Colleague: 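One structure is given below, represented as structure tokens, and several questions about it will come after.
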Amino acid sequence: MSDHFIPESVFQRGAESFGTPFWLYDRETIEARVREVKVFDVVRYAQKACSNLSILSLMRKLGVVVDAVSAGEIVRALRAGYQGGVGKQTSQIVYTADIFDADALALVKEHHLAVNIGSPDMIQQLADYGVRTELMLRVNPGFGHGHSRKTNTGGDLSKHGVWHEQIKDCIKLAQKNGMWITGLHMHIGSGSDFGHLAQVCDAMFDAARLLGGHLKTISAGGGLPVSYHENEKNDRIDINAYYKLWDNTRKRIEQSVGHSVSLEVEPGRYLIAESGFLVSEIRAVKKQGTNTFYLVNAGFTDLVRPSFYGSYHEISVIAKDHRPLSERQQVIVGGPLCESGDVFTQEEGGFVVSRELPVAQVGDLLVLHDVGAYGSAMSSNYNSRLLAAEILYSKGSLEVIRERQSFEQIMQNDRIVDL
Ligand SMILES: *Cc1c(COP(=O)(O)O)cnc(C)c1O
């Protein structure tokens, strides 16, 4: 939940100026989150959470470097003003993935990017392509965290990272090809489970000893959680306690390797989730048996998290005619898609549930909260729906940072062939 209050009139102004649905990001919230996380030496934004060029450019101005998990994300980072190059200073762009495709290899070579290796094969592929660069190793310590199979990032069922028993082989393979592994990375997502995090830190210490003198950087990865439920808003993660655990680990590692080591953190969600809103309009209010449905003009093509993970997002309603919304009722909120899973109020496993919301009318705005991360970034053109506009709320004004897509744009690469 954002702690920066945004008046209803701002959402109404947005709807009148740009039409619905649209994404709204609050600059103040982003800046507040960045300030908190800056206790770490280096904050590397995992741009896959939200890679709009203005958001990246804002991050850059705030002194945040960036992570790229694909060729497209490298191009975005460059376009937003980040520069390639490895050397004494912290690399502004690091390519982190479990594979290379042809585009990514070419961009890594052209812009001399640092690479965070997720599979041993990547080292040989870099060498064969004539690249000599600095490497980080994304280590799978042999265990993961979290109940959702789709979000687990460690253990022997995870596709991510280099298995901890293969670190030595990777070091040898890199050296054989004239490259050094200078960084270690673990993205396990312990969240606020500090007992588990201590285990990750120990695994990092063990891995660091294998690298010894060449180690320059350790990265704690991302996975800092945010509270999506309104009744959880007071249990924010304690960033300072989180940092302390890692900082202690860093100090142990420094003692063991005999020189200073930089400590990075790589959040996506934490920096952007709470700044974002999806503003839609209620287009139908109907009864199906005893259930009441609000159908809005945004669907899982805009925000897929509820359909994909059963994620909860707070919902608010803004009356178009400013009438007071005192009465409440249980409703199910769905979108416009020809797909029964197109429901925002559902739990993991696809179980549709109702939510207590104000009694609303067609034309009222329905706002989904905390959608800045993995919201717009996971949107699709399914049902030939257009990607919605993105708006930044900054110093009292609303700036378009991505135009709404046009019909022309979604068909521009289609070709009608003579048959
Ligand atoms: C997705 C990802 C992150 C960010 O995860 P959050 O949960 O959004 O903080 C960080 N690092 C890597 C390598 C990732 O793939």
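Note that the structure is predicted; figures quoted are calculated from it, not measured. In each ligand, atom 1 is the first atom listed, and ligand 1 is the first ligand listed.
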Colleague: To which protein heavy atom is atom 4 (C) of ligand 1 closest, and what is the distance rounded to 0.1 Å?
Modeller: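 Among all protein heavy atoms, the one nearest atom 4 (C) of ligand 1 is Ala46 CB, 3.5 Å.
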
Colleague: State if Gly221 counts as touching ligand 1 under the rule of any non-hydrogen atom under 4.0 Å.
Modeller: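 Contact check Gly221 vs ligand 1: negative.
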
Colleague: For atom 9 (O) of ligand 1, find the nearest protein heavy atom and state the residue, atom name and distance (0.1 Å precision).
Modeller: Gly223 N, 2.8 Å

Colleague: Do His313 and Phe344 have ring centroids that are under 6.0 Å from one another?
Modeller: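 That pair fails the under 6.0 Å test.
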
Colleague: Which is it for Lys48 and ligand 1 at heavy atoms under 4.0 Å: side chain, backbone, both or neither?
Modeller: side chain

Colleague: Does ligand 1 have an atom that lies less than 4.0 angstrom from a heavy atom of Ala49?
Modeller: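 The answer is no, since Ala49 has no heavy atom less than 4.0 Å from ligand 1.
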
Colleague: What is the ring orientation for Phe300 with Tyr382, classed by angle as parallel under 30°, tilted 30 to 60°, or perpendicular over 60°?
Modeller: parallel

Colleague: Counting heavy atoms only, name the option from Glu266, Gln47, His185 that's nearest to atom 12 (C) of ligand 1.
Modeller: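 Minimum heavy-atom distance to atom 12 (C) of ligand 1 goes to Glu266.
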
Colleague: Using a 4.0 Å cutoff against the non-hydrogen atoms of Pro267, which atoms of ligand 1 qualify?
Modeller: 9 (O)

Colleague: With heavy atoms of Thr96 as the reference, note each atom of ligand 1 found under 4.0 Å away.
Modeller: 13 (C)

Colleague: Test your reading of the structure: does Tyr374 have an N or O sitting under 3.5 Å from an N or O of ligand 1?
Modeller: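 Between Tyr374 and ligand 1, an N or O pair is found under 3.5 Å apart.
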
Colleague: Please confirm whether Arg138 approaches ligand 1 to less than 4.0 Å, judged on its heavy atoms.
Modeller: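 Arg138 counts as a contact of ligand 1 under the 4.0 Å cut-off.
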
Colleague: So which atom in Val139 and which in Met186 form the shortest heavy-atom distance, rounded to 0.1 Å?
Modeller: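 Smallest heavy-atom distance, with atoms named: O-CG, 3.7 Å.
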
Colleague: Taking distance alone, with N or O pairs closer than 3.5 Å, would you say Gly268 contacts ligand 1?
Modeller: yes

Colleague: Whether Arg305 engages the ring of Tyr228 as a cation-pi pair (distance to the six-membered ring centre under 6.0 angstrom, angle to the ring normal within 45°) should be assessed.
Modeller: yes

Colleague: Checking a contact table here: which protein heavy atom is nearest atom 5 (O) of ligand 1, and how many Å away?
Modeller: His187 CE1, 3.4 Å

Colleague: When you look at CZ of Arg283, are more than 12 heavy atoms from neighbouring residues, nucleotides or ligands closer to it than 6.0 Å?
Modeller: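 It does not: Arg283 CZ has 12 such atoms or fewer within range.
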
Colleague: Heavy-atom count around Arg79 CZ within 6.0 Å, excluding the residue itself: above 12?
Modeller: no

Colleague: Would you say Gln412 has more than 12 foreign heavy atoms packed within less than 6.0 Å of its CD?
Modeller: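 More than 12 within 6.0 Å, yes.
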
Colleague: For the residue pair Tyr95 and Phe100, is the inter-centroid distance of their aromatic rings smaller than 6.0 Å?
Modeller: yes

Colleague: N/O to N/O below 3.5 Å, does that happen between Arg269 and ligand 1?
Modeller: yes

Colleague: Considering the heavy atoms of Gly222, write down every atom of ligand 1 situated less than 4.0 Å from one of them.
Modeller: 9 (O), 10 (C)

Colleague: Answer yes or no: are there more than 12 heavy-atom neighbours, outside Glu356 itself, under 6.0 Å from its atom CD?
Modeller: yes

